[in-house]
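Input: a single structure, listed below in structure tokens.
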Number of protein chains: 2
Amino acid sequence: MYVTSPNHYVDSDISRVSRDFLASEVFERAAIRSLPEESLLFCEGDEAVQVYEILEGVVRTSKVLCDGRRQIISFGYPGDLVGISHDCRYHYDCETVSEVKLRAHRKNACSANSQTEPEFCKLLLKHTAFEMNSMQEHFLMLGRKSALEKICSFLVVLLDKVAVEENGLMRFQVPMYRSDIADFLGLTIETVSRTITKLRKDGVIDLPKPNEIIVCQPAKLRALAERSE
Amino acid sequence: MYVTSPNHYVDSDISRVSRDFLASEVFERAAIRSLPEESLLFCEGDEAVQVYEILEGVVRTSKVLCDGRRQIISFGYPGDLVGISHDCRYHYDCETVSEVKLRAHRKNACSANSQTEPEFCKLLLKHTAFEMNSMQEHFLMLGRKSALEKICSFLVVLLDKVAVEENGLMRFQVPMYRSDIADFLGLTIETVSRTITKLRKDGVIDLPKPNEIIVCQPAKLRALAERSE
DNA sequence: CGGTCCTTTGACACGCCTCAATTCATGTGG
DNA sequence: CCACATGAATTGAGGCGTGTCAAAGGACCG
């Protein structure tokens, strides 16, 4: 999952398409695995044999600098693929945020044969090309948005992705820690917390629990995601 | 071109591979075009018919927010591909930085047929997967590095990519404006200028002209790219 | 020589970070 | 069922890095 601005040209069915296609029997039977929360799926540098498809739960992909600074690349939700590699090495870490169920496909961009598996290659291509668009949107946010805009953009994405209506209000879970959000948005934990508190005090959102958000004013949240004032 | 940290697993031949392969006669004869500096190649939203391969010169790809804030996604150097799209729309602008010669290929990720052109699809896949790695490195920089680290990382990439030795010192051109560098690194023009001046005063680099850099202490430059002090 | 555009430099403000303490949520053992 | 421990989230005070605004310098060109 990447934080994207509203004026993008989304092929909104790509993840569904991916899921259906991978779930089909075109390829070898894929192994389904379950992992508890906060467990490591793979590391930067590991041999990238498999591509993983998230079926349930949330994962995070990240890179770290030698001094410990971390940048979370993306949060992977059901339907997302992680681990695609062009050279049979993973270039980032992947860990579970919550309990996760996933399907492992024993082919990758490097090992797939374009002659015998053209459809698989085309699927991976569409997926990576689509993901690149999302990453480009995320660039804009990391490089050019304020803390408030970043947090609001992040919440808007979750709102559109996983929120459920309840008494006319949209409610959703935030399964990741504040530190994950901070490392995803290029902020500190404290700034994330302060910004969320500000949104709560302004009546834009409500926080029944730290990991649960109710959006009281979705339009305002979306507006704040675009410009600071 | 993305700013990358040194501890990445690079298939350093990918751009050469791309160039050789696309230059071959496997596909239809591709049109070669020349463009003057500061001209528009395509816009976000345009129909993405073609993929472009840079032969000479430098291009920049960028996205802009409605209020004018801009983020440069990448600088494209000879051997790079720009314009790959999964849904036949370009999702960013592409302009020339210098005079540019390029080859236009009349196929894209969306229009290519994986059955009849498996090699082309595989090539695009390898290219996009490779570029995703570079973008992930760039995330780390945008989100977690200081101005000094950003500038040094940027200069190190140029050093490794285009510098030539002269009297035992590495020298290279910086074809883009300070504003381009600023929008690429998520800084302001003034901060870019101040940081470059600091590097000059510290004796790490020399600036015979604003657009020409001599690296006096490459090791120190590389060290500064990793940690602020 | 004058105009234009880019770059550099300076003064100042402010947003976010740092460090530290407090509050809160959750789980455990008595 | 309630103290206590643990780890996360929140809140506060203060400093620093980078942005903002403005002006000066420099390169290039007609």
Side-chain angles (χ1 to χ4, degrees), chain A residues 36-38 60 65 67-71 97-98 141-155 173-202 205-213 224 227-229, chain B residues 36-38 60 65 67-71 97-98 141-155 173-202 205-213 224 227-229:
Chain A
E37 57 188 84
E38 294 299 315
R60 61 169 177 259
L65 284 173
D67 60 5
R69 281 177 289 178
R70 182 179 69 153
Q71 178 66 44
V97 168
S98 61
M141 206 197 51
L142 273 178
R144 287 295 173 219
K145 288 194 176 181
S146 69
L148 180 60
E149 290 172 313
K150 287 177 177 179
I151 292 291
C152 291
S153 302
F154 178 70
L155 294 181
Q173 299 293 123
V174 183
M176 60 290 289
Y177 295 129
R178 295 290 188 266
S179 58
D180 288 339
I181 301 175
D183 287 344
F184 181 61
L185 300 177
L187 300 169
T188 59
I189 309 174
E190 295 92 332
T191 299
V192 170
S193 181
R194 266 185 265 267
T195 307
I196 289 179
T197 298
K198 174 180 161 48
L199 288 172
R200 183 174 54 73
K201 288 186 175 168
D202 290 352
I205 62 173
D206 192 22
L207 274 183
K209 301 180 202 172
N211 291 326
E212 192 165 333
I213 287 185
L224 288 171
R227 64 193 78 215
S228 285
E229 244 77 20
Chain B
E37 57 188 85
E38 294 299 316
R60 62 169 175 259
L65 284 173
D67 59 5
R69 281 176 291 178
R70 182 179 69 154
Q71 178 66 44
V97 168
S98 61
M141 206 197 50
L142 273 178
R144 286 296 173 217
K145 287 194 176 182
S146 70
L148 180 60
E149 290 171 315
K150 287 177 177 179
I151 292 291
C152 291
S153 302
F154 179 70
L155 294 181
Q173 301 292 125
V174 183
M176 60 290 287
Y177 295 129
R178 296 291 187 266
S179 59
D180 288 340
I181 301 175
D183 286 344
F184 181 61
L185 299 177
L187 300 169
T188 59
I189 309 173
E190 295 90 334
T191 299
V192 170
S193 181
R194 266 186 266 266
T195 307
I196 290 179
T197 298
K198 175 180 161 47
L199 288 171
R200 183 173 55 71
K201 288 185 177 169
D202 290 351
I205 62 173
D206 192 23
L207 274 183
K209 301 180 201 171
N211 289 328
E212 191 165 332
I213 287 185
L224 287 171
R227 64 192 81 213
S228 285
E229 244 75 20

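What you see below is based on every heavy atom in this structure, not just the backbone, and it leaves out hydrogens, waters and symmetry mates. Per chain, numbering begins at 1; letters A, B, ... match sequence-line order.
Residues B:Lys150 and B:Thr195 form no side-chain contact, since every pair of their non-hydrogen atoms from C-beta on lies 4.5 Å or further apart. Taking the side chain as every heavy atom from C-beta outward, B:Ile181 and B:Phe184 never approach each other to under 4.5 Å. Looking at heavy atoms from C-beta onward, A:Leu142 lies in side-chain contact with A:Gln71 at the 4.5 angstrom threshold.
In this structure, CD of B:Glu37 is placed 11 Å from P of C:dC6, rounded to the nearest angstrom. The CD1 atom of B:Ile189 sits 14 Å away from the P atom of C:dC5 (whole-angstrom rounding). Atoms CE (B:Met176) and P (C:dC6) sit 15 Å apart, rounded to a whole Å. With rounding to whole Å, B:Leu148 atom CG is found 13 Å from D:dG19 atom P. Between the P atom of C:dT8 and the CD1 atom of B:Ile151 lies a distance of 11 Å, rounded to the nearest Å. Between B:Arg144 atom CZ and C:dC17 atom C1' the separation is 10 Å, expressed in whole Å. A straight line from CG of A:Asn211 to C1' of C:dT26 spans 12 Å, rounded to a whole angstrom. Between the CD atom of A:Glu149 and the C1' atom of D:dG19 there is a distance of 14 Å, given to the nearest Å.
Evaluation of atom-type donor-acceptor distances gives a pair under 3.5 Å for the side chain of B:Arg194 against the base of C:dG10. For C:dT7, its base never sits under 3.5 Å from the side chain of B:Arg200 at any donor and acceptor pair. In this model, no side-chain donor or acceptor of A:Glu190 finds a partner on the base of C:dC16 within 3.5 Å.
Here the side chain of A:Glu149 pairs a donor or acceptor atom with the backbone of A:Ser146 at under 3.5 angstrom. Listed for the A:Arg144 side chain is a donor-acceptor partner under 3.5 Å among the backbone atoms of B:Leu187.
Within the 4.0 angstrom heavy-atom criterion, only backbone atoms of the sugar-phosphate kind lie near B:Leu207; the bases stay farther away.
Phosphate contact (OP1/OP2 of D:dT11, side-chain N/O of A:Thr197, threshold under 4.0 Å): present. At C:dC17, one or more side-chain N or O atoms of A:Thr191 fall inside 4.0 Å of OP1 or OP2 (strictly under the cut-off).
Map B:Arg178 and A:Leu187 each onto its nearest nucleotide of DNA chain C; the residue landing nearer the 5' end is B:Arg178. Position along DNA chain C of the nearest nucleotide to B:Ile196 versus A:Lys209 favours B:Ile196 as the more 5'-ward residue.
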